[in-house]
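See structure below.
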Amino acid sequence: DQQVKQNSPSLSVQEGRISILNCDYTNSMFDYFLWYKKYPAEGPTFLISISSIKDKNEDGRFTVFLNKSAKHLSLHIVPSQPGDSAVYFCAASEFSSNTGKLIFGQGTTLQVKP
Amino acid sequence: NAGVTQTPKFRILKIGQSMTLQCAQDMNHNYMYWYRQDPGMGLKLIYYSVGAGITDKGEVPNGYNVSRSTTEDFPLRLELAAPSQTSVYFCASRGQANQPQHFGDGTRLSIL
């Protein structure tokens, strides 16, 4: 029972173009969502988050959009750079539970070509 | 700036052996977590702790034990290693509720 799904295992884009990574969730109790980036042989690094009271959050080249009715969120990277090549994980939690437990998607491997 | 430190980085165990994966953080975080990541999969929560002396099970706790005697340390114990426990293990910590988790660089464990 996968509560958080990233249906695209991989994505390849050209440098300078937009990268769009998608994530779907099934649990309507989730109210806080995060994106993590992971390089090989390193731990995940926090990228950006969004609360369910918002539908958009922006931080530099990274924007996360949340569509609560569709239980869908997406991460936009504009412009994409070769250094963005990594595995991206979507994660969700019940903020109100105060445990901080995260449910992760399977990850999407992004390759940005020079 | 050490952050979250995990030791060892790599380990090979024989079936039935036991070992402890160490995790330490120097950020005075109350919340700590253990995850495992299998190939091609996301991270799955094994155990977590909301403060010293308090631990609770996550999604996949079977075959593991934890303790939290100090704020800084959160060791994960495998008592009888099985091939299904071959994985990469990540430890994470978090401060306040609106802060993200910070991860260590992982321990790669193989059980043969």
Side-chain angles (χ1 to χ4, degrees), chain A residues 1-10 21-27 30-54 57 59 62 64 86-109, chain B residues 1-10 21 23-25 27 29-51 54-61 68 74 87-108:
Chain A
D1 180 22
Q2 193 97 25
Q3 297 186 73
V4 178
K5 292 182 181 179
Q6 294 175 255
N7 291 318
S8 297
S10 63
L21 294 91
N22 294 303
C23 178
D24 297 295
Y25 62 96
T26 57
N27 188 341
F30 290 148
D31 55 8
Y32 187 58
F33 305 89
L34 307 90
W35 285 93
Y36 280 85
K37 175 180 178 180
K38 186 182 179 305
Y39 293 118
E42 294 185 8
T45 302
F46 170 72
L47 200 54
I48 193 169
S49 64
I50 188 167
S51 163
S52 60
I53 62 173
K54 294 185 174 182
N57 190 25
D59 184 2
F62 303 91
V64 56
V87 179
Y88 289 78
F89 290 100
C90 167
S93 73
E94 295 179 40
F95 189 86
S96 55
S97 74
N98 202 31
T99 61
K101 295 190 293 182
L102 294 178
I103 304 297
F104 282 84
Q106 310 97 302
T108 296
T109 300
Chain B
N1 290 342
V4 178
T5 302
Q6 292 186 237
T7 55
K9 293 192 184 303
F10 305 95
L21 282 67
C23 176
Q25 52 91 9
M27 296 173 282
H29 286 169
N30 284 325
Y31 297 82
M32 295 187 75
Y33 308 86
W34 273 107
Y35 295 89
R36 60 177 285 174
Q37 185 193 10
D38 298 329
M41 303 295 287
L43 284 73
K44 290 193 181 298
L45 183 65
I46 305 171
Y47 269 96
Y48 69 100
S49 170
V50 300
I54 306 170
T55 63
D56 206 348
K57 296 177 181 179
E59 299 173 83
V60 289
R68 184 94 183 270
F74 190 38
S87 191
V88 182
Y89 292 82
F90 291 101
C91 179
S93 73
R94 190 198 77 169
Q96 298 302 314
N98 61 349
Q99 294 175 351
Q101 293 180 22
H102 298 265
F103 284 81
D105 284 338
T107 294
R108 185 176 296 274

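The figures here come from the full heavy-atom set of this structure, side chains too, leaving out hydrogens, waters and symmetry mates. Residue numbering restarts at 1 for every chain, and letters A, B, ... go by the order of the sequence lines.
Residues I103(A) and E59(B) form a side-chain contact, since some pair of their non-hydrogen atoms from C-beta on lies under 4.5 Å apart.
The nearest pair of heavy atoms linking Y33(B) to K101(A) is CE2-N, 4.1 Å.
Side-chain atoms of Y31(B) come within 3.5 Å of backbone N or O of N98(A) as a donor-acceptor pair.
Put simply, of V87(A), L34(A), V4(A), L102(A), the one with the most heavy-atom pairs under 4.5 Å next to chain B is L102(A). The candidate with the highest count of non-hydrogen atom pairs below 4.5 Å against chain A, out of H102(B), M41(B), Q101(B), is Q101(B).
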Would you give me the side-chain donor-acceptor pairs under 3.5 Å for residues 40-51 of chain A, sequence neighbours excluded?
| residue | atom | partner | partner atom | Å |
| --- | --- | --- | --- | --- |
| S49(A) | OG | Y32(A) | OH | 3.3 |
| S51(A) | OG | I53(A) | N | 3.3 |

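Within the 4.5 angstrom heavy-atom criterion, atoms from both the backbone and the side chain of L43(B) approach chain A.
Evaluation of the salt bridge (Lys or Arg N to Asp or Glu O under 4.0 Å) test over residues 88-108 of chain B, restricted to residues two or more places apart or in two chains, returns none.
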